[in-house]
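Okay, structure first, notes after.
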Amino acid sequence: MISRLDQSTVRAAALPMAGQVSRGEFFAALFILGCVNGLGSRIIQSVHQFGWADALSNTFEISAIVWLSCLAGISVILRDQTGDVRSADFAVGAGFLLLVILPIGPLSWLAVTVLCIYVLFSTNDSSLRRGALILLASTIPMLWSRLLFQFFANPILEADASLVGWLLGTHRTGNMVEFADGSGLLVILPSCSSLANVSLAFLCWVTISQVVRHKRSAYDLLWCFLACASVVGVNVARISLMGLNHMQYDEIHNHWGDAVANIIILGLTVGFSVLGVRRELFART
């Protein structure tokens, strides 16, 4: 009799042990693997190209907004401690691992995208949905904007060149703009495109709004647009200043010029995003 009671007690104690992992913890573990593999691939490329010192000083060519957004998304998902892992979750997780296990960065971000969409459609939990939205937005600068640029590089660069030519009042040919003093042509390369900064501005807005549990309003599109438009304005203004003459080009087109522009862009992006969620921020203070 004592033996039977002990066995039943062990079986009863084993039941909660099997369900200890919540859906939030399960998905957070998968997202950590996906982000580590995706970011790790970019880190390896950056170190191989620039060396450890230069790559580290440039945050491995990964924006601070991306780093913080990945951390924020995973931490928000971990807040969910309700609900057991479903059989469908295990099936999706297995497919996720098949993509992430390969040492290919874009595949990891594709896997993160698919998993985010699955989470959004499979739960009503606020924490899971908000974290999935942040991580889904993180895939835009890390994968989708780059993929978009590969297909539409010419019109995107020509749009930047048109704005620069309009400010300088000079002629444009493709992605080349004449210097204001007529001393040559300024070529706008992919690394100077505004598209990457726009995707980061959108990511910043999504991250901040989801972290503070921002309630949607009609003004959200306005604040998001202002954040995105501000980075385009700064980027175009910077290129236009370089297009005044060769001396201005040499003074601005360097590491310090890039750092100043990035700081201004980061400040404007965060500033407009914070203004858009000021109601929730003030309510917390």
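FYI, side chains are in, hydrogens and waters are out, and symmetry mates aren't considered; it's all heavy atoms of this structure. When a residue number appears, it is its place in the shown sequence, counting from 1.
The distance from atom OG of Ser145 to atom CD1 of Ile156, rounded to the nearest 0.5 Å, is 9.0 Å. Atom-to-atom distance recorded for Ser183:OG and Leu244:CG is 10.0 Å, nearest 0.5 angstrom. A distance of 11.5 Å separates OG1 in Thr269 from CD1 in Ile264, rounded to the nearest 0.5 Å. Rounding to the nearest 0.5 Å gives a distance of 4.5 Å between CZ of Arg23 and OG of Ser122. Of the inter-residue distances, the one linking Phe121 atom CZ with Cys116 atom SG reads 12.0 Å to the nearest 0.5 angstrom. For the atom pair CD1 of Ile74 and SG of Cys35, the computed distance is 4.5 Å after rounding to the nearest 0.5 Å.
Side-chain contact, Arg130 with Ser126: a donor N or O sits under 3.5 Å from an acceptor N or O. In summary, the side chains of Ser194 and Asn197 do not present any donor paired with an acceptor at a separation below 3.5 Å, with no hydrogens or angles considered. Judged by distance alone, the side chains of His214 and Glu280 do bring a donor and an acceptor atom under 3.5 Å apart.
The only option from Ile208, Leu68, Val211, Ile77 that meets the side chain to side chain contact (heavy atoms under 4.5 Å, CB included) definition with Ile134 turns out to be Val211. The only option from Leu200, Asp220, Leu226 that meets the side chain to side chain contact (heavy atoms under 4.5 Å, CB included) definition with Trp205 turns out to be Asp220.
At distances below 3.5 Å, not a single donor-acceptor pair connects side-chain atoms of Thr123 with backbone N or O atoms of Val119. With Ser22 contributing its side chain and Glu25 its backbone, the two residues share a donor-acceptor pair below 3.5 Å. When atom types are taken as modelled, the side chain of Asp80 and the backbone of Ser127 share no donor-acceptor pair closer than 3.5 angstrom.
Classification of the Phe90-Phe26 ring pair by plane angle, with boundaries at 30° and 60°, yields perpendicular. Aromatic ring pairs are classed by plane angle as parallel below 30°, tilted from 30° to 60° and perpendicular above 60°; the pair Tyr249 and His253 is parallel.
Taking the side chain as every heavy atom from C-beta outward, Leu281 and Val212 approach each other to under 4.5 Å. Residues Leu39 and Trp67 form a side-chain contact, since some pair of their non-hydrogen atoms from C-beta on lies under 4.5 Å apart. Put simply, the side chain of Leu186 does not reach to within 4.5 Å of the side chain of Thr170, judged on heavy atoms. Leu120 is listed as a side-chain neighbour of Leu133, based on a closest heavy-atom distance under 4.5 Å. Between Phe96 and Phe27 the shortest side-chain heavy-atom distance does not fall below 4.5 Å.
Not counting sequence neighbours, the partners of Arg172 by the side-chain hydrogen bond (donor to acceptor under 3.5 Å, both in side chains) test are Ser162.
Nearest heavy-atom pair, Leu157 versus Ser193, reported as atom, atom and distance to 0.1 Å: CD2-CB, 4.0 Å. Between Leu168 and Ala180, the shortest heavy-atom contact is CD2-CB, 4.3 Å.
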### Task
Quick one: do Thr113 and Trp144 satisfy side-chain hydrogen bond (donor to acceptor under 3.5 Å, both in side chains)? Show the steps, please.
CA-CA 10 Å; Thr113 301; Trp144 300 111; 3.2 Å; yes
### Task
Evaluate the criterion side-chain contact (heavy atoms from CB on, under 4.5 Å) for residue pair Gln210 and Val76; output intermediate values, then yes/no.
CA-CA 9 Å; Gln210 294 303 314; Val76 170; over 6 Å; no
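Under a hydrophobic-cluster definition in which Ile, Leu, Val, Met, Phe, Trp and Tyr are linked whenever side-chain heavy atoms come within less than 4.5 Å, directly or via other members, Leu71 and Leu115 are assigned to different clusters. Both Val270 and Val66 sit in one connected hydrophobic cluster of ILVMFWY residues. Membership requires side-chain heavy atoms under 4.5 Å apart, directly or through other members. In the hydrophobic clustering of ILVMFWY residues, with side-chain heavy atoms under 4.5 Å counting as a link, Val187 and Met242 come out apart. Linking ILVMFWY residues whenever their side-chain heavy atoms come closer than 4.5 Å, directly or via other members, leaves Val36 and Leu136 in distinct clusters. If you chain together hydrophobic residues whose side chains sit under 4.5 Å apart, Val112 and Leu33 fall into the same group.
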